[in-house]
Every structure is written in C-alpha cells, then in structure tokens.
Amino acid sequence: MTNVSLGAPTTEPALDAQKAPAVGRSALNRQRRRAAWLFLVPMLVVLALVAAWPLLQTIRFSFTDATLNDLAGAQFVGWRNYYEWVDYGDGEGEAFGLLVDPVWWQAVWNTVRYTLISVSIETVLGLVVALVLNANFPGRGLVRAAVLIPWAIPTIVSARMWAWMMNDQFGILNDMALTLGLISSPIAWTSSPDTAMIAVIIVDVWKTTPFMALLILAGLQMVPGDVYEAARIDGVHPVKVFFRVTLPLIRPAILVAVIFRALDALRVFDLIYVLTPNNSQTKTMSVFAQENLFQFDNFAVGSAASTMLFLVIAMITLVYIKAARLNLGGEEGR
C-alpha cells in the first residue's frame with residue numbers, strides 16, 4: 001500500500017517530465033522549418049522568375065507557329081512542330097517535324113557522344129589529379145592554384161585560343177607533330193569531319209578536368225586519416241588501399257561530380273559554337289536550338305528543340321540518380 005500511495009502522486013508529473021523534452025524538440029523543429037522556408041522563399045521566387053517562367057514560355061511557343069518577328073501573333077498549331085503527317089491523297093504521305101528530323105537526331109547523338117567521352121576522361125584524369133593534390137609535398141598550395149587556371153579561363157577565350165593552336169597553317173600543335181614526325185601533313189583539327197569532335201573533346205577535357213579534380217579532392221579531404229594509418233600498420237598494399245578503402249569512401253563525391261559535369265556537358269553551346277561553327281559532326285542540341293531560334297527564324301521549331309533538350313536532360317538525370325542510388329543529401333543510397 002505504501003508503494004502505491006507513494007507512487008500514485010508522481011505518475012502524472014513523471015509523464016509530463018518525459019513529454020516536455022519531446023514538446024520542446026517539436027517546437028524547435030517547427031521553428032527551424034519556418035526559418036528554412038524564410039530563407040528559401042526569396043530564392044524560389046527569383047528562380048521562378050528567371051527559370052520557370054521562361055521555360056513555360058518556351059514550352060508554350062513550341063505548340064505555336066511563332067516567328068522571331070511576330071511572337072505576340074503566334075497561333076496554336078498543336079504537335080505540328082514535333083510531328084505532323086501530311087497525306088498527299090494518293091495513299092502516300094510524308095512526316096514532318098522535329099521528331100523525324102535527321103539533323104535533330106544527329107545533334108542528339110553528337111551531344112550524347114560528346115558527354116559520354118568527355119565526362120569519362122575528365123573523371124579519370126580528375127581522380128588522378130585529386131590524388132596528387134591530396135598528397136603532402138612542398139608547394140602544394142601553389143600547384144592547387146595553378147591547376148585551376150584552365151577552369152578559370154572563360155570558355156570563349158579557351159575555345160579561341162585552342163582554335164589558333166589547332167590551325168592547320170600556323171597552329172603550334174601541327175608544328176610540334178610535324179617536327180616529331182607524328183604526322184606527315186598539317187591537320188585541320190576544327191574543320192575536318194574526322195577530327196572536329198576530337199578537337200572539341202580535347203579542349204573540354206583540358207578546361208574542365210580541374211573542376212572534376214576539385215570536387216573529388218573535396219571528397220578525399222573528408223576521408224579520415226586513421227583509416228590510412230591502420231592500413232599502413234597492417235601492411236596493406238597502397239593499390240589495395242585505394243580500391244578497398246579510398247575509392248568506396250569517395251564514391252558519393254565522384255557520383256555527384258559526374259552528374260554535375262554531365263548536366264553541363266549536355267547543354268554545351270559556347271565551346272561548339274566558337275570552336276567548330278557550322279559543322280554537322282559537332283552540332284549539339286543547344287546549337288540546333290539556337291540556329292532555329294535566331295538564325296533560321298524558326299522560333300517555334302527552336303522552342304520545340306529547347307523543350308526536347310530540357311526533357312532529355314531531365315530524363316538522363318533521373319535515370320542516373322536512380323541507377324547510382326543517390327539521394328538529395330549527396331549520400332549513397334542503401
């Protein structure tokens with residue numbers, strides 16, 4: 001009876017004491033969410049104005065007959081810019097539109113090929129550079145700063161500089177190759193159909209490898225030093241340490257770096273436009289859209305191409321995130 005009488009009065013206060021921290025945490029979480037939205041709302045408003053609204057307008061124009069000289073008078077034409085079957089009345093017909101345009105599909109293939117090759121090379125080279133920069137050696141800070149110079153140079157400047165270096169008349173690359181006996185005659189790197197894409201990839205790899213190295217280096221900096229110390233004490237070979245320890249730990253950083261770089265490569269425009277203009281072997285989806293929007297005065301078709309570019313990039317991004325099992329926090333999915 002004593003236990004019951006002593007315990008009964010303390011039951012409700014004890015429960016209240018247990019609930020108090022939970023209530024406090026709930027209030028703190030609500031306060032944090034309100035603060036987060038307070039900071040996010042201005043950014044979302046700006047993003048809607050500079051990105052969402054132009055995108056919606058582009059999609060709208062893709063279903064019209066808009067021209068650059070008469071955007072306000074555009075009339076709705078449905079899916080005609082994407083696909084239209086014209087019946088000639090004699091049992092035969094012909095398909096028109098972006099989805100049956102061989103030039104468009106060549107641009108899609110050029111973009112995908114350029115992205116796959118350049119991003120793959122940049123990932124490997126970026127990993128090598130990041131491993132070197134992560135080591136301790138005299139002058140490491142100076143080397144890190146020097147490595148970033150190609151990435152810091154504007155793309156248009158880089159493209160024009162490399163165009164001069166690759167010129168078949170006075171380019172230094174041809175001069176060096178001829179001196180070393182690697183080629184028998186000068187190569188028109190940027191104008192030849194056989195080498196134009198190679199030239200674009202070379203310039204892109206030179207410029208963007210530092211970006212990949214920087215992101216991967218950030219992942220390497222997060223690896224605990226105790227892991228390497230334990231492996232050294234156990235006498236594990238450095239190659240095995242790399243594949244069994246380093247690579248799995250920096251895999252999320254590599255995957256994030258790849259998706260960032262792939263998104264940038266899929267919408268490439270300035271490098272192609274400056275280095276290899278009017279070349280069907282390097283024309284990308286962005287170049288195709290720009291030509292129709294502003295050069296050929298096919299604003300509706302250019303809008304359709306821009307919409308398809310958005311859909312292609314969105315689809316590839318979703319497939320990559322799903323295949324790589326990434327979440328929005330940048331961690332590897334389970």
Side-chain angles (χ1 to χ4, degrees), residues 117-166 171-177 179-182 189 198-265 268 270-271 275 324 326 329-332:
I117 297 176
S118 62
V119 173
S120 298
I121 297 175
E122 289 160 9
T123 302
V124 175
L125 294 181
L127 178 59
V128 173
V129 173
L131 290 172
V132 173
L133 296 180
N134 193 51
N136 292 319
F137 58 88
R140 182 177 63 173
L142 181 61
V143 174
R144 285 182 176 181
V147 166
L148 293 177
I149 291 177
W151 183 46
I153 297 176
T155 303
I156 295 178
V157 176
S158 300
R160 181 53 59 190
M161 178 181 68
W162 277 91
W164 289 336
M165 294 172 61
M166 294 179 173
I172 188 175
L173 294 185
N174 280 311
D175 184 68
M176 293 174 59
T179 303
L180 297 174
L182 300 178
W189 290 93
I198 297 175
V200 171
I201 292 174
I202 290 174
V203 178
D204 186 73
V205 169
W206 174 82
K207 176 174 174 56
T208 319
T209 295
F211 172 76
M212 298 292 288
L214 187 65
L215 294 182
I216 297 175
L217 179 61
L220 286 171
Q221 296 290 306
M222 300 299 294
V223 178
D226 297 341
V227 177
Y228 295 114
E229 184 65 20
R232 186 184 64 81
I233 294 175
D234 293 340
V236 182
H237 195 275
V239 175
K240 185 175 291 186
V241 172
F242 172 74
F243 285 103
R244 296 292 182 87
V245 177
T246 304
L247 198 57
L249 290 177
I250 66 173
R251 183 172 178 267
I254 294 176
L255 293 176
V256 172
V258 168
I259 189 60
F260 281 174
R261 180 65 197 107
L263 290 175
D264 190 43
V268 62
D270 44 4
L271 178 61
L275 192 63
L326 292 176
E331 299 177 353
E332 189 176 1

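Along the sequence shown, residues are numbered consecutively beginning with 1. As the structure is a prediction and not an experimental result, all values here were calculated from the model.
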Going by the rule side-chain contact (heavy atoms from CB on, under 4.5 Å), which residues pair with [X] if we only count those two or more places apart in sequence or in a different chain?
X	answer
Met176	Ile172
Leu182	Ala177, Leu180
Val132	none
Trp206	Pro150, Ile153, Ser158, Met161, Trp162

From Leu275 atom CG to Leu271 atom CG, the distance as rounded to the nearest 0.5 Å: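 That separation rounds to 5.5 Å.
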Output the distance between atom CD1 (Ile254) and atom CD1 (Ile259), rounded to the nearest 0.5 Å.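 So the CD1 of Ile254 and the CD1 of Ile259 are separated by 14.5 Å.
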If you look only at pairs with a residue in residues 210-231, which of them pass as a salt bridge (Lys or Arg N to Asp or Glu O under 4.0 Å), with sequence neighbours excluded?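 Qualifying pairs: Glu229-Arg232.
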Could you pull out every donor-acceptor pair under 3.5 Å between side chains of residues 209-222 and any protein atom, sequence neighbours left out?
from: Thr209; atom 1: OG1; to: Val205; atom 2: O; distance (Å): 2.6
from: Gln221; atom 1: NE2; to: Asn134; atom 2: OD1; distance (Å): 2.6

I'd like to check the side-chain hydrogen bond (donor to acceptor under 3.5 Å, both in side chains) partners of Arg140; sequence neighbours left out, ordered by chain and number.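 Partners of Arg140 under the side-chain hydrogen bond (donor to acceptor under 3.5 Å, both in side chains) test: Asn136.
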Heavy-atom count around [X] [atom1] within 6.0 Å, excluding the residue itself: above 12?
X	atom1	answer
Ile156	CD1	no
Phe243	CZ	no
Phe242	CZ	yes

Decide yes or no for Ile202 and Met166: does some side-chain heavy atom of the first lie under 4.5 Å from some side-chain heavy atom of the second?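 Touching, per the 4.5 Å side-chain cut-off.
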Exercise answer: donor-acceptor pairs, residues 120-131 side-chain atoms, under 3.5 Å, sequence neighbours excluded:
from: Ser120; atom 1: OG; to: Leu116; atom 2: O; distance (Å): 2.6
from: Glu122; atom 1: OE1; to: Arg261; atom 2: NE; distance (Å): 2.7
from: Thr123; atom 1: OG1; to: Val119; atom 2: O; distance (Å): 2.7

Selection residues 235-250 - residue pairs positive for side-chain hydrogen bond (donor to acceptor under 3.5 Å, both in side chains), sequence neighbours left out: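 Every side-chain hydrogen bond (donor to acceptor under 3.5 Å, both in side chains) pair that includes a residue of residues 235-250, provided the two are not neighbours, is Tyr228-Thr246.
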